[in-house]
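Because the structure is predicted, anything quoted here is derived from the model rather than measured.
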Amino acid sequence: MDLNYTPEQIAFRHEVRAWLDANVPVTPLQSFDTAEGFAQHRQWEQTLAQGNWGMVTWPKEYGGRGCNLIEWLIFEEEYYRAQAPLRVNQNGIFLLGPTLMEYGTPEQKARFLTRMASGDEMWAQGWSEPGAGSDMAAIRSKAIRDGDEYVINGQKVWSTRAVFADWVFCIFRTDADSERHHGLSFVLVPLDAPGITVRPIPQLNGLPGFAEIFFDDVRVPVANRLGEEGQGWNIAMATAGFERGLMLRSPARFQETAKRLVALYRAHANDILDLSVEDAVVKSFMDAEAYALSTYQTASRLMKGGKIGSEASVNKIFWSELDQHMHETAMRILASNAELLPDAKTETDTGHWMDGFLFAQSGPIYAGTNEIQRNIIAERLLGMPRK
Amino acid sequence: MDFTFSDDQRVFCDNVKQFLHSEVTPERLRSGWDSASGRDDTLWQQMVDLGLPAMLVPEAFGGLGMNELDFVLLAQECGRVALAEPLVETALVATPLLACQAERDTRCASLLEKIATGERRVAVGHAVNPTVSDAHVADYLLLPNGNEFHLVERERVKLIPMQSVDPSRRLFKVEWRPEEETRLVNGAPGVAALAATLNRGALGAAAQLIGLAEAMVEMTVQYTTDRTQFGRAIGSNQALKHHMANCAVKTEFAKPALYRAAYTVSQRPVHADFAVSHAKVAAGEAALLAAKNCIQSHGAMGYTWECNLHIWMKRAWALDKFWGHSGFHKNRLHQWLMNPNAKIGADKTFGEQG
Ligand SMILES: Cc1cc2nc3c(=O)[nH]c(=O)nc-3n(C[C@H](O)[C@H](O)[C@H](O)COP(=O)(O)OP(=O)(O)OC[C@H]3O[C@@H](n4cnc5c(N)ncnc54)[C@H](O)[C@@H]3O)c2cc1C
């Protein structure tokens with residue numbers, strides 16, 4: 001164990017910081033759940049790519065820098081510290097990217113990773129269906145082979161950023177007679193393919209942050225399948241491992257929120273009557289620290305050849321409930337001003353906390369609900385009986 | 001940057017773990033409850049033979065010359081088996097305090113050598129603890145007096161037993177008078193010794209709390225798998241699964257805080273207060289939740305003297321409050337964090353570097 005950064009890692013931090021200081025837009029971008037905001041964020045992804053910062057852990061040949069996971073954490077720390085725009089392509093770079101790296105053919109990697117890192121192709125995730133939420137093995141949408149193509153029919157739902165994205169990675173039933181997690185395949189679909197209809201769904205804040213996708217005889221080449229036919233479930237579980245276990249929510253995001261929460265508390269300390277609020281602030285901070293420490297542990301372990309297993313579920317519960325707790329605490333500090341939105345210009349400009357509070361409500365639901373994660377922990381990590 | 005334990009550290013821990021699991025059984029713990037001292041001299045000598053009490057003592061004084069990071073996994077294992085013997089306090093608290101003074105105080109040097117051979121034992125007091133544990137089996141006591149530590153022969157103090165809810169714990173109020181000749185350290189070094197002792201004690205308690213929490217969950221998973229109601233294992237009910245999953249989440253996120261604390265105590269002790277308090281609070285919460293959810297999952301069986309769960313539960317209740325209760329440690333965290341000059345942020349998890 002050595003909790004010191006190497007001189008190279010410190011130099012890397014300085015390099016990232018200098019580039020971000022020079023390039024992060026001064027005025028915050030609009031929400032990426034609007035057409036304009038999405039375009040702004042796409043442009044920011046391209047700016048990142050020009051500096052070679054699109055996805056630092058990827059090999060250079062795909063537009064990355066070949067960084068290890070510790071360097072990735074340093075990059076993320078600097079990224080959130082600089083208050084750089086949220087990554088509009090997070091489903092692509094953090095979920096599909098690592099999955100392609102493991103299961104993609106050389107052609108698929110060259111084709112898809114490069115354009116992901118360059119900020120040219122934005123990705124959505126199409127797994128959930130109206131009848132398949134927590135129970136993803138109940139997926140009914142089909143992709144039936146016809147020569148060199150799959151013909152897709154069915155419906156996906158809750159697909160984040162699908163309204164403006166270019167591609168969607170899906171799980172379909174490729175064996176029409178199969179049941180449950182058998183006979184599923186992982187297929188990449190361009191959202192402008194004929195037969196696709198995308199219907200935006202407004203979220204709690206009124207913006208169309210996710211969408212329903214209808215597939216009506218949509219044809220994609222068989223070469224768009226990731227991994228073997230019928231291997232879809234296993235690949236999806238690997239993707240979910242990245243999502244819950246490491247990549248989707250790097251700790252820096254929560255540490256910076258905790259830091260702002262401490263500042264918010266200090267600014268309001270004299271008005272707060274509820275003595276337990278300070279305790280909630282300190283707890284938020286310590287939990288954000290614990291999450292960072294745990295992630296460094298995981299990263300160190302993976303660098304020595306370890307794998308992410310069902311502990312990813314432990315992780316997912318922790319970060320989503322931490323985020324909820326932090327925003328609940330902010331609401332308690334803001335008290336009767338808490339309900340005000342950013343548009344209601346308050347003196348201290350605190351409306352963004354409500355944005356975060358709304359989004360924090362979804363953390364325990366997306367990426368597999370926390371109830372399901374608790375089932376997984378009990379059964380797979382602790383070995384409790386299924387039936 | 002590498003936040004993992006080395007293979008050597010793991011192997012050493014595994015060996016000690018095996019030893020503890022075969023020697024420290026619930027039956028043996030229970031038999032200790034009925035004995036006068038509550039302590040097992042044979043077991044202590046076995047641990048001495050393995051070098052454990054003097055693990056952190058420099059080789060020059062007969063120890064193994066290892067550090068807090070090497071020991072922290074062992075301390076967890078001591079909690080896992082609910083070891084009654086004061087190994088953690090001896091190895092992690094008492095001997096490092098003596099070792100700090102050994103260069104300039106020959107009493108300490110010779111005492112260390114005798115602790116390493118098992119000829120002598122020491123116990124430690126501190127202002128945060130109202131009692132001294134295991135004072136009755138110690139030959140010498142390390143006792144605080146204001147900014148001073150004194151090294152006092154047990155013959156020269158009066159011990160008043162203070163019964164604990166945990167029948168394995170043996171606690172004493174100590175009546176004594178500080179003398180010039182018993183004084184070990186005072187002034188600024190005395191303050192530093194008291195602060196370091198507190199952090200070491202809290203680190204050791206935190207580590208044991210993690211082991212206790214994991215052990216309680218493990219035995220409860222087993223119990224809820226074996227016990228049936230309504231024709232199926234009670235552990236197949238989601239309510240119980242979620243009780244256990246909640247314990248696992250708490251414990252998993254207390255561990256990295258514990259390991260950072262151990263690292264900090266060993267490498268950057270002046271910055272250790274914050275890291276240690278974080279670990280103690282997080283480990284205490286994990287152990288208390290485990291106690292609560294595990295007794296609930298056992299039903300009435302968990303409320304009996306016969307069921308082994310209370311061995312672990314009571315230790316958790318005790319250690320959560322020993323070496324600084326959660327109020328004490330949270331207060332340190334509050335003061336640190338609410339200081340306007342606190343250096344916080346995503347880039348400062350491991351302090352300010354570069
Ligand atoms: C903001 C947001 C973004 C999302 N983005 C995407 C996306 O990009 N792509 C995508 O495919 N999906 C996405 N989802 C969907 C998400 O994966 C599902 O919402 C989630 O898997 C739960 O499914 P459901 O909504 O159908 O809820 P349900 O499965 O109907 O669950 C409802 C409630 O019942 C509980 N429940 C269900 N089964 C059990 C059980 N066995 N034990 C205990 N409790 C149970 C759940 O925990 C939950 O509390 C997104 C969701 C949100 C909120």
Side-chain angles (χ1 to χ4, degrees), chain A residues 1-7 9-11 13-14 70 74 76-78 80-81 251-253 255-256 258-259 262 265-266 269 278-279 281-282 285-287 289-294 296-297 299-301 303-304 311 313-315 317-318 371 373-375 377-379 381-387, chain B residues 1-6 9 69 217-218 220-222 224-225 232-236 238 240-257 259-260 262-264 267-268 274-275 277-278 281-282 330 333-334 336-338 340 342 344-351 353-354:
Chain A
M1 191 178 295
D2 177 3
L3 303 185
N4 293 302
Y5 295 104
T6 63
Q9 287 166 341
I10 289 172
R13 184 187 290 287
H14 288 305
I70 298 294
I74 293 172
E76 290 281 303
E77 287 163 3
E78 292 304 316
Y80 282 99
R81 184 181 173 278
R253 175 183 179 128
Q255 288 181 292
E256 288 299 306
K259 181 177 166 182
V262 171
Y265 177 77
R266 283 200 197 121
E278 184 171 311
D279 200 46
V281 173
V282 175
F285 183 85
M286 301 322 299
D287 283 351
E289 286 271 302
Y291 184 53
L293 294 171
S294 163
Y296 268 91
Q297 224 177 21
S300 304
R301 200 169 51 76
M303 282 164 64
K304 290 185 168 173
E311 74 275 8
S313 296
V314 179
N315 213 46
I317 289 175
F318 196 81
E371 287 76 21
Q373 304 315 309
R374 287 185 163 88
N375 294 349
I377 293 168
E379 290 167 10
L381 206 62
L382 302 176
M384 290 177 83
R386 277 170 176 253
K387 283 257 158 14
Chain B
M1 177 64 61
D2 171 19
F3 201 177
T4 56
F5 287 92
S6 68
Q9 285 165 333
L69 207 50
V217 168
E218 195 184 329
T220 306
V221 166
Q222 189 59 53
T224 60
T225 303
R232 59 190 181 129
I234 55 171
S236 65
Q238 200 168 62
L240 298 195
K241 286 184 183 169
H242 288 195
H243 276 331
M244 292 303 107
N246 287 337
C247 295
V249 173
K250 277 265 187 224
T251 312
E252 282 312 311
F253 281 89
K255 279 193 219 168
Y259 304 149
R260 174 175 67 170
Y263 180 90
T264 314
Q267 307 292 323
R268 304 178 198 139
F274 174 76
S277 286
H278 180 189
V281 170
K330 278 187 182 171
L333 296 174
H334 281 229
W336 185 85
L337 192 58
M338 291 304 157
I344 59 176
D347 54 324
K348 300 191 182 64
T349 310
F350 301 102
Q353 294 188 26

Nearest non-hydrogen partners of A/Glu256 and B/Ala346, listed with the distance: OE2-N, 2.8 Å

Check each atom of A/Val262 against the heavy atoms of chain B and say whether the ones under 4.5 Å are side chain, backbone, both or neither. side chain

Interatomic distance, A/Ile10 atom CD1 to B/Asp347 atom CG [nearest 0.5 angstrom]: 11.5 Å

Nearest-0.5 Å distance, CD of residue A/Gln255 to OG1 of residue B/Thr349: 3.5 Å

Counting heavy-atom pairs under 4.5 angstrom with chain B, the leader among A/Lys387, A/Met384, A/Arg81 is A/Met384

For chain B, find which of A/Ile74, A/Val282, A/Ile377 contributes the most heavy-atom pairs closer than 4.5 angstrom. A/Val282

Any side-chain heavy atom of B/Gln267 within less than 4.5 Å of one from A/Leu3? no

Specify which of A/Gln297, A/Gln373, A/Glu76 makes the most heavy-atom pairs with chain B at under 4.5 Å. A/Gln297

From the list B/Phe3, B/Phe350, B/Tyr263, ring-ring contact (aromatic ring centres under 6.0 Å, His included) with A/Tyr296 holds only for B/Phe350

Region of A/Ile317 in contact with chain B, defined by heavy-atom distances below 4.5 Å: side chain

Looking at B/Met338, B/Arg232, B/His243, B/Met244, which one has more heavy-atom pairs under 4.5 Å with chain A than the rest? B/Met338

Contact part of B/Leu69 toward chain A, heavy-atom cut-off under 4.5 Å: side chain, backbone, both or neither? side chain

A/Arg13 versus chain B, the contacting section by heavy-atom distance below 4.5 Å: side chain

Testing A/Arg301, A/Lys304, A/Met1 one by one against B/Asp2 for a side chain to side chain contact (heavy atoms under 4.5 Å, CB included), which residue passes? A/Lys304

Given side chains that start at C-beta, do those of A/Asn375 and B/His242 come closer than 4.5 Å, heavy atoms only? yes

A/Met286 and B/Phe274 have their tightest heavy-atom pair at CE-CZ, 3.6 Å

I need the residue from A/Glu371, A/Glu78, A/Met303 with the largest number of non-hydrogen atom pairs under 4.5 Å to chain B. A/Glu371

Within the 4.5 Å heavy-atom criterion, are B/Lys255 and A/Leu293 side-chain neighbours or not? no

Max heavy-atom pair count under 4.5 Å with chain B, selected residue of A/Tyr80, A/Tyr5, A/Tyr265: A/Tyr5

Which pair of non-hydrogen atoms, one from B/Ala342 and one from A/Arg266, has the smallest distance, and what is that distance? CB-NH2, 4.2 Å

What part of B/Val281 is in contact with chain A, defined as an atom under 4.5 angstrom from a non-hydrogen atom: side chain, backbone, both or neither? neither

When every non-hydrogen atom of B/Val249 is compared with those of A/Val314, the smallest separation belongs to CA-CG1, 3.8 Å

List the steps, then state whether side-chain hydrogen bond (donor to acceptor under 3.5 Å, both in side chains) holds for A/Glu289 with B/His278. CA-CA 9 Å; A/Glu289 286 271 302; B/His278 180 189; 5.2 Å; no

Which label fits A/Tyr291 and B/Phe253: parallel for a plane angle under 30°, tilted from 30 to 60°, or perpendicular past 60°? tilted

Spatial distance of atom CD1 (A/Ile70) from atom CE (B/Met1) [nearest 0.5 Å]: 6.5 Å

Ignoring hydrogens, what is the shortest heavy-atom contact between A/Ala378 and B/Lys241? Give both atom names and the distance. CB-CB, 3.4 Å

Which pair of heavy atoms, one from B/Arg268 and one from A/Asn4, lies closest together, and at what distance? NH2-OD1, 2.7 Å

